[in-house]
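Below is one structure, written out as structure tokens, with a few remarks after it.
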Amino acid sequence: SFDIFELKLGIPQNYKQKCIKEAYNLGNSIENTKDYTNVKAIHSTYRVWKETKIYNPLLNNIKLSINKILTPSFNVSGIHQFILKTAWTAIYKKGSYADGHFHYPTHFSFVYYFQASGNTPLVFDHSDFQYSPQDDRLIIFPANLYHSVPPHTSDEDRICLAGNILML
């Protein structure tokens, strides 16, 4: 059994628009690194906070949300620390997809959707579960869950910030 959490963050529209604009500005900066990616979409580097400071308030919000949601699951409060290991933007244009993969050896993964019409799901391949993303939603799941994204079918781009968390 596994837990997948969904949270509406309530991010102001004007800040979301700045984040979306910045994702387009960053473009496919993954190409400038030696990193391999399963994501066949426009993809920033894995440490987006080194490319731009725009996402820092959102990343802080996500870290606080993860702490609030996950700390009660571990009976000893205050001992575990959640560390942001990686975070990247992805823009899925029509036909973009992500091959099946997981994020071991990190502990938790997340995806925050800036823009998503719900028609291209996040698929958890070894279960019957798939998530239809919506704007302003944060999904948190165990990093060892195998997942993929089928080819995007909409003319409207699917834009997200994804990342991985270590628990110390």
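Side-chain atoms are counted along with the backbone in the values below, which use heavy atoms only and exclude waters and symmetry mates. One is the number of the first residue; the rest follow in order along the sequence. Since we're looking at a predicted model, the values are computed, not measured.
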Are any side-chain N or O atoms of [X] and backbone N or O atoms of [Y], one a donor and one an acceptor, separated by less than 3.5 Å?
{"X": "N164", "Y": "A87", "result": "no"}
{"X": "N38", "Y": "A98", "result": "no"}
{"X": "N144", "Y": "Y104", "result": "no"}

Minimum side-chain heavy-atom gap [X]-[Y] below 4.5 Å:
{"X": "I11", "Y": "Y112", "answer": "yes"}
{"X": "I140", "Y": "I4", "answer": "no"}
{"X": "Y55", "Y": "T89", "answer": "yes"}
{"X": "I91", "Y": "Y24", "answer": "yes"}
{"X": "V111", "Y": "P133", "answer": "no"}
{"X": "T153", "Y": "T120", "answer": "yes"}
{"X": "P150", "Y": "P121", "answer": "yes"}
{"X": "L70", "Y": "F82", "answer": "yes"}

Taking all heavy atoms of [X] and all of [Y], pick out the closest pair and write down the distance.
{"X": "T106", "Y": "A143", "value": "O-CB, 3.2 Å"}
{"X": "D157", "Y": "Q115", "value": "O-NE2, 2.7 Å"}
{"X": "R158", "Y": "L122", "value": "NH2-N, 4.0 Å"}
{"X": "F108", "Y": "P142", "value": "CD2-CA, 4.1 Å"}
{"X": "S154", "Y": "K94", "value": "O-CB, 3.6 Å"}
{"X": "S29", "Y": "E51", "value": "OG-OE1, 2.7 Å"}

- Item | Reported CD1-to-CD1 distance for the pair I54 and I20, which is rounded to 0.5 angstrom | 12.0 Å
- Item | Gap between atom SG of C19 and atom CD1 of I159 - 0.5 Å precision | 10.5 Å
- Query: Strictly by modelled atom types, are S117 and E156 linked by a side-chain donor-acceptor pair under 3.5 Å?
  - Reply: no
- Q134 and Y113: side-chain donor and acceptor closer than 3.5 Å? no
- Item | K8 atom NZ, neighbour heavy-atom count above 12 within 6.0 Å |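 Yes, the 6.0 Å shell around NZ holds more than 12 heavy atoms from other groups.
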Side-chain heavy atoms nearer than 4.5 Å, only ILVMFWY residues, links allowed to pass through others: does that put [X] and [Y] together?
{"X": "L145", "Y": "V149", "value": "yes"}
{"X": "L64", "Y": "L138", "value": "no"}
{"X": "L84", "Y": "I62", "value": "yes"}
{"X": "L9", "Y": "F5", "value": "yes"}

- Query: So T45 and K50, side chain to side chain contact (heavy atoms under 4.5 Å, CB included) or not? Walk me through it.
  - Reply: CA-CA 9 Å; T45 65; K50 290 187 174 183; over 6 Å; no
- Query: Between H126 and H147, is a ring pair (Phe, Tyr, Trp, His ring centres under 6.0 Å) present by the stated rule, with each step listed?
  - Reply: CA-CA 8 Å; H126 298 307; H147 57 284; over 10 Å; no
- Task: Could you please spell out the steps behind the side chain to side chain contact (heavy atoms under 4.5 Å, CB included) verdict for Y97 and H152?
- Result: CA-CA 6 Å; Y97 63 96; H152 185 53; over 6 Å; no
- Message: Going by the rule ring pair (Phe, Tyr, Trp, His ring centres under 6.0 Å), which residues pair with Y15 if we only count those two or more places apart in sequence or in a different chain?
- Response: none
- Does K16 come within less than 4.0 Å of D136, counting only side-chain N to carboxylate O?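 Here K16 does not pair with D136 in a salt bridge, since their nearest N and O are not under 4.0 Å apart.
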- Message: Working note: L26 + W88, criterion side chain to side chain contact (heavy atoms under 4.5 Å, CB included); need CA distance, chi angles, decisive distance, verdict.
- Response: CA-CA 10 Å; L26 292 172; W88 61 94; over 6 Å; no
- Under the criterion ring pair (Phe, Tyr, Trp, His ring centres under 6.0 Å), which of F124, F129, F110, F102 is the partner of F141?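 Passing option: F124.
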- Query: Would R137 and L7 count as a side chain to side chain contact (heavy atoms under 4.5 Å, CB included) if you check the C-alpha gap in whole Å, the side-chain angles of each, and the deciding distance to 0.1 Å?
  - Reply: CA-CA 6 Å; R137 297 301 197 288; L7 203 60; over 6 Å; no
